[in-house]
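This report concerns only the one structure given below.
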Amino acid sequence: MGRTCLPRWRLGRLMAGLQVILGLLVITVSLSCLYRFHSVGYFLQNEDTCNNIYTIKEVSSEGFDLKALHDRVDEVLEKMDNLYEKLEKTVKDMEKSKDGSKKEMKKFLEDEVMKPFYYAHIGLRQIRLPKPEGIRNSTEKEEPLINKFLIEEIRQYITPKENRVGKINMFGTERVYNTIGHACALMKMELEKYMDYDVGAYCDDDWNLAQKLMLNGCDPLPRRRCLTRASMTYQKPYPINESLWKLPDDRNVRWGNYQCRNFACLSSKNPKRGYTKCSGCFEMEKEKDKWVKNSSLLVDFMIEDVLRVKPSEIRIGLDYGVGTGTFAARMREKNVTIVTTALNLGAPFNEMIALRGLIPLYISLNQRLPFFDNTMDMIHTTGLMDGWIDLLLMDFVLYDWDRVLRPGGLLWIDRFFCKKKDLDDYMYMFLQFRYKKHKWAISPKSKDEVYLSALLEKPPRAI
């Protein structure tokens, strides 16, 4: 019996020994790999290490003809262009045919051949090959943010675009730099979700995600190469004389990201309307009285009185606030063009303004106004900058307004309200520019709050 157990015992020792040897081998390989990773710098990353690992190295042309590669790619692209034109011509010829089989073939060509062919064509054109002339390829200097993002569409967007003619462009640069706000780096996940789409396909209905990015400083947003969705039941808008004072057709708005599903639901009487600022803005009967009907409050200025200060001089302006464009509508009746800033804060403010036949400007408070210096005849503000605003932020905003307002232009502060104890601070903010006072009024809002309205004229400052 002992002799029969001995071989088995020796076999067991042999297997155990092999397991120990294999275990030691695994530990040795693992330690070696960890040492290699550590020596490269994966665990103690610094700027030099990241640049060494993640940046694109200068492409060497040794070993292949770079010019021949470019010529070959250009030749393929030209053949694809010619083939695509022939396919388009064939599809158009099939449209004229009444033969049912040809219509089926046309649909097959469009869906199964032309679309994939088109995307492949576009994808090939987007390949960034090193040029024979040796255009710089390093991302370390020209593309500092590219390696922070994984989505290729963002990488494509922020990569500097070389001028096609190889010369200085009209802006005085060799390439065009698409920019994104620096806060986008802090919202990497949201920005990548925003830019994650199929090129040429329909965008997601994600304007609320875009607005979240804007309000958190990721502004301006990158352009996208997808098709914006519109309402499936979109109707032509009302004529201009009718649209100014009539609620738009409900079918012209995509309501998916709002609490309400029609304009009637946005009434101030509905506690579940989804927004708090500017309650009553979607009730045209109430809106019609603004700036034209006399009020008992001294802070309510009439448009007629304001325009009388500068007769025939007010032609274009900006309405900076929260609303549905009623101020712009009243000024339009006076042949004055007003651009209205708007954010969709729980309701379709931008859609409402546009459907009334007016101009919405979709910007956030932290964005520099997209107007040149000394161009606006008037800036009107109400309902947005009130006693909640930080004084330093307000200072930057007011200086930007001063930049775009022309000499002799009017700044209309309309019903600004704050706590009584803060009034002196805000009055200083408005008066620091030494504008000429045409109107100035203060009225109580509540026991602890006051309204302030002012009509101020920018001085010439001829220097």
Side-chain angles (χ1 to χ4, degrees), residues 205 207-208 210-211 227-270 273-293 300-304 306-307 314-363 370-371 376-384 412 414:
D205 190 10
W207 66 262
N208 51 343
Q211 185 165 281
L227 304 174
T228 302
R229 297 174 185 268
S231 171
M232 296 178 65
T233 55
Y234 196 92
Q235 306 294 307
K236 66 179 182 180
Y238 300 130
I240 184 61
N241 294 332
E242 185 180 353
S243 65
L244 284 180
W245 302 108
K246 182 177 180 179
L247 279 178
D249 194 319
D250 294 331
R251 294 173 292 180
N252 288 352
V253 175
R254 292 182 65 89
W255 295 94
N257 290 315
Y258 303 111
Q259 289 190 26
C260 284
R261 293 294 182 268
N262 53 62
F263 284 106
C265 170
L266 297 171
S267 169
S268 59
K269 298 178 182 178
N270 180 14
R273 60 184 178 271
Y275 70 100
T276 55
K277 274 283 188 180
C278 193
S279 61
C281 282
F282 293 88
E283 300 169 44
M284 292 295 99
E285 292 303 318
K286 292 182 179 179
E287 292 289 287
K288 283 183 178 179
D289 293 337
K290 291 183 177 180
W291 300 289
V292 293
K293 189 175 181 180
D300 289 337
F301 302 160
M302 301 296 104
I303 285 179
E304 289 281 359
V306 171
L307 294 180
I314 306 301
R315 305 152 301 157
I316 57 174
L318 173 69
D319 182 21
Y320 204 103
V322 178
T324 54
T326 296
F327 180 79
R330 282 299 180 199
M331 294 295 276
R332 184 188 182 110
E333 294 173 341
K334 305 295 182 182
N335 294 321
V336 179
T337 301
I338 297 291
V339 176
T340 305
T341 65
L343 288 169
N344 285 5
L345 301 175
F349 288 97
N350 278 275
E351 296 97 313
M352 176 72 176
I353 294 169
L355 289 169
R356 292 179 74 177
L358 305 168
I359 307 171
L361 182 62
Y362 189 49
I363 62 170
F371 304 119
M376 293 289 111
D377 296 325
M378 171 184 283
I379 294 179
H380 170 264
T381 180
T382 184
L384 179 63
W412 183 352
D414 194 355

Q | Distance in Å, Leu244 CG paired with Lys246 NZ, rounded so as to fall on 0.5 Å steps | A | 12.5 Å
Q. So which heavy atom on Met352 is nearest to which on Pro248, and how close?
A. SD-CD, 3.4 Å
Q. Does the side chain of Asp414 pick up a donor-acceptor pair with the side chain of Trp291 at under 3.5 Å?
A. yes
Q.
Checking the side chain of Arg261 only, and the main-chain atoms of Trp255 only, is there a donor and an acceptor separated by less than 3.5 Å?
A. yes
Q | Student check: side-chain heavy atoms of Ile314 and Val306 closer than 4.5 Å | A | no
Q) Looking at CZ of Arg273 and CG of Leu266, how far apart are the two atoms once the value is rounded to the nearest 0.5 Å? A) 9.0 Å
Q) Do Asn270 and Cys260 come close enough that some side-chain heavy atom pair is under 4.5 Å? A) yes
**Q.** Non-hydrogen side-chain atoms of Tyr258 and Val253 separated by less than 4.5 Å
**A.** yes
Q.
Quick check: do Met331 and Arg315 have side-chain heavy atoms less than 4.5 Å from each other?
A. no
**Q.** Minimal non-hydrogen separation, Ile353 against Gly325, with atom names
**A.** CG1-N, 3.8 Å
(Q) Test your reading of the model: is there a side-chain donor-acceptor pair from Arg251 to the backbone of Met232, 3.5 Å cut-off? (A) no
Q: State the OG1-CD1 distance between Thr341 and Ile359, to the nearest 0.5 angstrom.
A: 13.0 Å
Q: Check for a donor-acceptor pair, side chain of Asp205 on one end and backbone N or O of Arg229 on the other, with a separation under 3.5 Å.
A: no
Q: Kindly indicate, with the supporting measurements, whether the criterion side chain to side chain contact (heavy atoms under 4.5 Å, CB included) is fulfilled by Arg332 and Ile240.
A: CA-CA 11 Å; Arg332 184 188 182 110; Ile240 184 61; 3.5 Å; yes
Q: Among Val322, Thr326, Thr382, find the one that has a side chain to side chain contact (heavy atoms under 4.5 Å, CB included) with Cys278.
A: Val322
Q | ring pair (Phe, Tyr, Trp, His ring centres under 6.0 Å) against Tyr275, all qualifying residues, sequence neighbours excluded | A | Phe282, Phe349
(Q) On a heavy-atom basis, which atom in Thr324 and which in Met284 lie closest, and how many Å separate them? (A) OG1-CE, 4.4 Å
Q. Does the side chain of Lys334 reach to within under 4.5 Å of the side chain of Glu304, using non-hydrogen atoms?
A. yes
**Q.** Backbone N/O of Gly317 and side chain of Asp377: donor-acceptor pair under 3.5 Å
**A.** no
Q. Do Asn344 and Glu351 come within less than 4.5 Å of each other through their side chains, counting heavy atoms only?
A. yes
Q. Is a donor on one side and an acceptor on the other found under 3.5 Å between the side chain of Lys288 and the backbone of Trp245?
A. no
Q | Side chain Thr381, main chain Tyr320, donor-acceptor under 3.5 Å | A | yes
Q. What distance do Phe327 atom CZ and Leu318 atom CG have between them, rounded to the nearest 0.5 Å?
A. 9.5 Å
Q | Interatomic spacing from OG1 in Thr228 to CZ in Arg254 - rounded to 0.5 Å | A | 10.0 Å
Q: Determine whether Lys236 and Asn252 make a side-chain contact, defined as any pair of heavy atoms from C-beta on separated by less than 4.5 Å.
A: no
**Q.** Any side-chain heavy-atom pair of Leu358 and Ile338 under 4.5 Å
**A.** no
Q) Closest approach of Leu384 and Gly321, non-hydrogen atoms and distance? A) CB-CA, 3.7 Å
**Q.** Nearest non-hydrogen partners of Ser243 and Gly357, listed with the distance
**A.** OG-N, 4.2 Å
Q: Report the C-alpha distance between Tyr362 and Trp207 in whole Å, list the side-chain angles of each, state the deciding distance to 0.1 Å, and finish with yes or no for ring pair (Phe, Tyr, Trp, His ring centres under 6.0 Å).
A: CA-CA 11 Å; Tyr362 189 49; Trp207 66 262; 7.6 Å; no
Q) Quick one: CZ on Arg356 to CG on Leu247, what's the gap to the nearest 0.5 Å? A) 9.0 Å
Q. Would a distance-only check, ignoring hydrogens and angles, find a side-chain to backbone donor-acceptor pair under 3.5 Å from Gln235 to Thr233?
A. yes
Q: Locate the shortest heavy-atom distance separating Val292 from Met302; write the atom from each residue and the value.
A: C-SD, 3.7 Å
(Q) Whether the side chain of Asp250 engages the backbone of Phe263 through a donor-acceptor N/O pair (distance < 3.5 Å, no angle test) should be reported. (A) yes
